[in-house]
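The structure appears right after this line, and notes come after that.
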Amino acid sequence: MSTDQLGIADCPRGSIGAVLAEAERSLRVAGIEESALEAAWLLEHVLHVSPLMQRVQAERPVTAVDYASMQELVARRANREPLQYLLGTQEFCDREFRVTSAVLIPRPESALLVQETIRRCRQNPSAIVVDVGTGSGCLAVSVASALPDARVLAIDASADALAVAQANMEQFGFGARIECVQGDLLAPLAQRGETSQVDVIVSNPPYIADLDLVTLQPEVRCFEPHLALAGGPDGMDVHRRLLQQAPVYLKSRGVLLMEVGLGQAELVCREAEKSGWFRTYDVLRDEGGIDRVVCFEKTEERSKPLIVN
Ligand code: GLN
């Protein structure tokens, strides 16, 4: 719906209605689909006035300072910066997580990882759960909240991402319960000598194949962290490394849960099978019918020498 259809295009100059109409037009010209909605959300961010009240108070004047802030946000959005980075938040599993350009914006399908982690820990409430590549901390926080007796460790290679994760953990009251550690995949566990102790390793690794990176929409390609997206030539580099590392740190019958991209589940399962370290595997579909999460349970017998990569 455009602002003309909303009947606010004729509001006086400098009013909420006029600022909205101008923002909507700029966003529409830039190719933003939900231009009217996004204009209202950006203005809400600046004025702290809800979209509904913006309609009610359409004739109210906007100060020069607020107008300048709005113009800056509209220009950034027109340049295809994700709305979530501009607003600073994204909802995930019923919580508003803080996000900055240092972290991947949480996606709804990743809630499958949370549900499955919780399900696997039902019989083991004091489980040790490790979230690899925690980003905003959305998985670690959602798991910790559902499993009050679990020990949760959140790892990320990026210090900037960990600062966002830590802020989210504190915001939701998990600052003391979730441990944040900087490091490459499971390397922090190696440094502490914590082998064969983890119940669940959960990860949403980067899984975009190198050649596909250019086909992503500009919001993702130009603004979300490369480290959180790029998964090597076929998008499965990090899955392979986790398949190799996880058996070292999982208890026997511990579980590795990983999100995968379109068409990757079968290949990742085949690699897991080849490794000889996992006794069962499971694939979970998301709401779009895409195989989205793979689950591997570590075998009991040590059939192969462990390689730490
Ligand atoms: N764990 C975070 C998420 O699922 C970040 C994942 C990533 O950066 N690849 O959103």
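Order of listing sets the numbers, starting from 1, for every ligand and every atom in it. Every value quoted in this text rests on a predicted model; they were computed, and no experiment measured them. Computed over heavy atoms, backbone and side chain alike; hydrogens, waters and symmetry mates excluded.
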Qualifying residue, where the test is side-chain contact (heavy atoms from CB on, under 4.5 Å) with I201 and the options are V129, L153, L186: L186

Residues in side-chain contact (heavy atoms from CB on, under 4.5 Å) contact with I290, at least two apart in sequence or another chain: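 I290 satisfies side-chain contact (heavy atoms from CB on, under 4.5 Å) with L262, D286, R292 only.
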
Would you please classify the geometry between the F97 ring and the F92 ring as parallel, tilted or perpendicular, with 30° and 60° separating the classes? perpendicular

Which one of E91, E259, E224 satisfies the salt bridge (Lys or Arg N to Asp or Glu O under 4.0 Å) criterion with R107? E224

Under the criterion side-chain hydrogen bond (donor to acceptor under 3.5 Å, both in side chains), which of E116, Q115, Q123 is the partner of R119? E116

Candidate pair R76 and N79, rule side chain to side chain contact (heavy atoms under 4.5 Å, CB included), full reasoning: CA-CA 5 Å; R76 286 169 65 187; N79 191 36; 5.5 Å; no

Neighbouring residues of ligand 1, heavy-atom cut-off under 4.0 Å: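 Ligand 1 is contacted, at a heavy-atom distance under 4.0 Å, by L104, P106, G133, T134, G135, C138, L139, N204, A228.
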
